[in-house]
Amino acid sequence: MKYLYYPGCSLKGTSRGYEESILAIFEKLQLPLQELEGWNCCGATAYMAVDEIKALALAARNLALAEQVAGNEPVSLVAPCNSCYLVLSKAQRHMEEFEDIGDVIVKAMREAGLRYEGHVHVRHPLDVLVNDVGLDALRRAASQPLNGLKVACYYGCQVVRPYATFDDQHNPQTMHELLKAVGAEPVDWSLGTRCCGGSLTGTIEKAGLRLCYILLREAKVRGADAVATCCPLCQFNLECYQGQIASMFGDEVDIPVTYFSQLLGKAMGIDERTLGLKRLFVPLTTAAV
Amino acid sequence: MPDDVSLPIAEDFQPRIIAFFCNWCTYTASDLAGTSRMTYAPNTRVIRVMCSGRIDPQFVLAALRKGADGVLLGGCHPGDCHYQAGNYKCLRRFRLLKRLLTQLGIEEERVRLEWIAASEGDRVQKVTNEMVEQIRKLGPLRLEKIPTHPNGEAAPAPAEPMATATEGAVS
Amino acid sequence: MSELKIVRRIKYQQELDLSFGKDVAATPGGEDLYKCIQCGTCSSTCPVSVYMDQTPRRIIAMTRAGFKDDVLASNTIWLCSSCYACTVECPKSLRITDIMYALKQKAIAEKVYPRNLPIPVLAKEFFSAVMKTGRSNEGRIVARVWLKTNPLKILSHAGLGLKLLRRGRMSIKTERMTGGHDQMRRLLDAVETARAAQPTR
Amino acid sequence: MIMEKKSPQEELRIGVYVCHCGANIASKVDVESTRDFAAKLPHVTVARDYKFACSDPGQELIQKDIKELGLNRVVVASCSPQLHEKTFRNACADVGLSPFYVQMANIREHVSWVTEDPELATRKAKSLVAAAVRRLAFAAPLETKRVPVHPDVLIVGGGIAGIHASLILANAGRKVFLVEREPTIGGHMAQFDKTFPTMDCAACILTPKMSDVKNHPNIMMWTYSEVEEVAGFTGNFKVTVRRKARYIKEELCVGCNDCVEACVLKKDRVQVPDEFNVGLSRRKAVYMPFPQSTPACVVIDPEQCLQLMKGKCAQTCVEACERAAIDFDQSDEIVEIDVGAIIIATGYKPFEARRIAEYGYGKFANVYTTLEIERLVNASGPTGGELRLRDGTTPKVAGVIHCVGSRDRRYNPYCSNVCCMGALKMAHLIKERTGAEVFNFYVDMRTAFKGYEEFYDQILSEGVQFVRGRVAEVTDWAMTDEEKGKLVIRVEDTLVGVARRIPVDMVVLAIGLEPQADAGEIQRKFNISCSNEGFFLERHPKLGPVSTFTDGIFLAGACQGPKDIPETVAQAGAAAAEALCLVDKGFVEIEPNTAWIDEEVCSGCKTCIPLCPFKAISRDEEKRIAVINEALCKGCGTCVAACPSGAAQQNLFTDEQIYEEIEGVLSYA
């Protein structure tokens, strides 16, 4: 099995910490990720609203490139961004399900000298870590376990919806299991897959921030020391708007919002700079760690 | 079939398909498709038998020889036969029949065996439509194009149903 | 005390677009539109329905009935954050998120979206960025969107931008594709041609 | 028995009748043109079309032609032979024509109802008519065979359906075997507290019937027993029943429960969840499901009993039993019975509420199913009839959610039929017992039966709040102070058009009805069919609601589809009547579609002998040929298809008949 890494735009920008921590932990787990050469934007959800087929074609190009690199080998395209993960999966499924979409994209790809046979397996790092690397390997690698750090595991939407491929749609557990394996203590809360507002925070701010507020408040109510995320947009929304949320709703919601991979990395003893933890606005209080 | 015998398929080609359905499951399912008003391709002609075990491979050969372009067989799901195991007998004969057809130069896709339970009206619809589509792709069955035997004689073109190759009659 | 106002609420059949539902049902994911039983699961599972002028359930009903103008003028379709909660919870398996996408596309195509709404602008900015660099740069795009729709916002968010810059989470330098840029553009152009050649879409 | 002829001897005079079936056929098939087509076919003396061939005038028309035109064969092109073949056979027999000279052409189910294009439909109809006409040339005037019927009846399942059917048959003087797999009869109804819409106590109306069953001289009540195997055919079934070891001598036990008191499994943690109280209480290794269990006899659970598991126990129960009814050496008993008819009344399985994660059943303590509430409000239930939350407090606000697991493509697409009324009953009971504010969340209110709408009216006027909307989620995160510590129901009030959050103390899930987990196994055992959702399939949805496709086997109750008690009882009565009809007649007529051997052609190769599933074929060593025992032959025709020399033939389905049919359909395809 070949593992190719599809960073997506955010991991090269606002969520550098996600990329840094993902690459570092995979390195440490001896499964180094190779970045897909020449990748382009996945097509992202915002674009779907304007021109769905073009969005899917953008995604399909990445799939075709991955297939090309892998040759005949089975290949996993690891996409840490929930949005990329969904759009890449959706492109794959829509091409199969809707003949007219598939036809247009296949034709256009041929024009552009591309070919896609449908052999790429789009994967999220949560999936790869639990199912391929395994919890035992994680436990072994955790040289500095997190000692009961209380974490609100937040999966967001698009990693389990609409396609629940590797985890339960209503009660996902992979992040819980990973963090438990390295000594953290997931808090019991019901909002692990409730929407953070996505791009609404930037477009219809009031609506978007309300959703973030609900999540942050509940995480605090449940006694979490930190929120762990697996999606750049979720992390950005939950972390960067905390100030505005506080003034809009008159309620302090300061809580560190990390990537799950940063917490795993920390437990593996990787230093904070390498994990991008220094890039957080609200520092992860290590008192509990 | 070799290229030289394949003729262009006429646009308005309406495949002629004979369907042998067992009384208990598939014929009933076919009735259910009717009561449920599931429309499907009008190309099949259903002949009712009590059990798929009654389907003599010679019936299939006769149907093809008399002008059918395809034959569909339908019985109860394995384990559900009204007579315990007639459907298994049918399956065994069907496998042999397919080999025989291939030897005669007839595409094996022209015959199809399906298990359809009494409640599966929708499967009658689906299978019939698929079968018609399949036969449309294959085109009309042109038996005169059957290649000659290795010894130079024409393949036996049975004159009477009863005289068709007895190797069809295996249990 | 407020003034009593009256508005005509009745709908005459001629004000409706009776083919609207069929159009939407013909888009990918719209196929089960007519199977809706109006149970409202979508509306109650929707985290943003708090602000919607029409609940998602009503959007479905109105779409089927041909209330095209009302549907496209509704804020609902723009509030949809594509979280897919309605899609997975729908007991009749309607792909409501996809239907919302279809409605957004129709609103943009007919240019009936609210003027102050940045989403269509965002989408356009996004597209031009991708065409130029093959990548999107959220900070830059958002800044440009605000510039076009609500310039005051840039000022209020300047602090955030600076914080991001300081932590290396936003760069002045543009991220670009490491190759294949021409190929990507060729692909997008070819989509236009292939689509034009298709009879139905 | 008259063997079929090789070729027609007499001059054929065929009448063809093309039925319009109102517009069912005529709106798609050009019946006039089909009639004209038929008139020109060889040997056809007359061809007519008629509005409803199956009506009295339709039948009379055929009879008149037989008499006046001397017809000796009849083709009816109408519906499926499954529906009206008997009708037309009888009509012809009435005027002296062999019923086997009638041939149906199915131009409704197989043509007009499934074809879009009228022209192609007409073509198809014509080819089927042509085939029927040709096939008739080889028909023979067979005789139907009469086989005596065993007078006893087996009823599988001792819920209200099985109980009711048993009593009817037993009262009619028939001997009934009632087989129930649980230790007591009573089924789900015994678990209910009240029954809608009259709210009479379930036990009060059920338990007298249960003791009637127990005491009826004509009923053999076998609880804790299961049907293992069914052989034979209508009128003569041979059934093997496993009577599971109860480790109690049923005839000695009087149900005093002294042994239960004495059982050493005293601590809650070693006891198991009580099945009858759906896990809301615990029971010991020896137990009686509920006080009115019938028979009033305890049972020992071999997976709990220390003596049975480990062979080591103080056996305090044996000591306690004055009547020495406990018998650890008992083993399962296999019994074979002969019956003429079978009624299957195996009931349903309640929907597993855990499957819908959003409703939090199993996660939140105060989310209950309707069945649990039935037990909680029941005076003999685990709380003695006190409706309390798990922490012992009384709920102030309760929400009842309809359609749980029903009308949902992810679970069961069908409507479970009883939950709306069940949920209304819940609302009433909760209000009555606790005075709580009750919200009912429904998608569509289905109260279509006598007295049901009135019940809805009553509940409305009791002040229950009705919110039309399917609940998306039951959750535990609070938005407002009021919601803290409560379960929050998220729902759209679709009649108002807004989303609402309603905090409650208790949630009740009106779970739907599903086929029994082992319905597939029962289906195979009895050779009946299941519909797509897994309930047993009736012979006809309107006109054969309690029959199956297997003659002699009938259905009663929720095993055929979700239904409430009145409907179940009505169906049980109908099934009993059908069974009675069969066994009282004393004989069954068997379709003469048996196989026979043409002695002159048979080469004695023995190919056919091992193929027959009924061991009906043997070899006549003297003549060196195969012989078919007609009484054993069931008419599948497998031997006929296999005969290499064509010596084996099947009445009604001879090779000639089928070849004629093939040529017939192809002659006008």
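Below, read A as the first sequence line, B as the second, and so on, with proteins coming before strands; counting in each chain starts at 1. What you see is a predicted model, and the numbers here were worked out from it, not measured in a lab.
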field: OG1 on Thr193(C) to NZ on Lys107(A), rounded to 0.5 Å
entry: 10.0 Å
- request: Please flag which part of Arg279(A) lies under 4.5 Å from any non-hydrogen atom of chain C: side chain, backbone, both or neither.
  value: both
- prompt: Does any heavy atom of chain C fall under 4.5 Å from the side chain of Arg110(A), the backbone, both, or neither of them?
  reply: neither
Segment of Thr193(A) engaging chain C (4.5 angstrom heavy-atom cut-off): neither
field: Cationic tip of Arg169(C) above Phe236(A) ring, under 6.0 Å, 45° of axis
entry: no
- request: Kindly compute the distance separating SG (Cys9(A)) from CZ (Arg135(C)), expressed to the nearest 0.5 Å.
  value: 6.5 Å
query: In terms of heavy-atom contacts, does NZ of Lys22(C) have more than 12 from other residues, nucleotides or ligands at under 6.0 Å?
result: no
statement: Bottom line for Phe281(A): the part with an atom under 4.5 Å from chain C's heavy atoms is both
query: In terms of heavy-atom proximity below 4.5 Å to chain C, should Ile214(A) be classed as side chain, backbone, both, or neither?
result: neither
field: side-chain hydrogen bond (donor to acceptor under 3.5 Å, both in side chains) partners of Gln173(A), counting only residues at least two apart
entry: Asn171(A)
field: Interatomic spacing from CD1 in Ile105(A) to CG in Leu187(C) - rounded to 0.5 Å
entry: 8.5 Å
task: Flag yes if more than 12 heavy atoms outside Glu99(A) fall under 6.0 Å of its CD atom; otherwise flag no.
output: no
statement: Okay, Lys206(A) and chain C: the region with an atom under 4.5 Å from a heavy atom over there is both
field: Within-4.5 Å side-chain heavy-atom neighbours: Leu200(A) and Tyr51(C)
entry: no
field: Side-chain ion pair, Arg195(C) and Asp51(A), N-O less than 4.0 Å
entry: yes
Region of Glu37(A) that comes under 4.5 Å of a non-hydrogen atom in chain C: both
message: Any side-chain to backbone donor/acceptor pair from Gln183(C) onto Arg61(A)? Under 3.5 Å, distance only.
response: no
- line: So, the part of Arg95(C) with a heavy atom under 4.5 Å from chain A: the answer is side chain
Residues of residues 11-21 of chain A within contact distance of chain C, non-hydrogen under 4.5 Å: Lys12(A), Gly13(A), Thr14(A), Arg16(A)
message: Which heavy atom of Cys83(C) sits nearest to which heavy atom of Cys195(A), and what is that distance?
response: CB-CB, 3.5 Å
Residue pair Glu111(A), Arg186(C): steps toward the side chain to side chain contact (heavy atoms under 4.5 Å, CB included) verdict: CA-CA 7 Å; Glu111(A) 284 295 305; Arg186(C) 230 170 34 237; over 6 Å; no
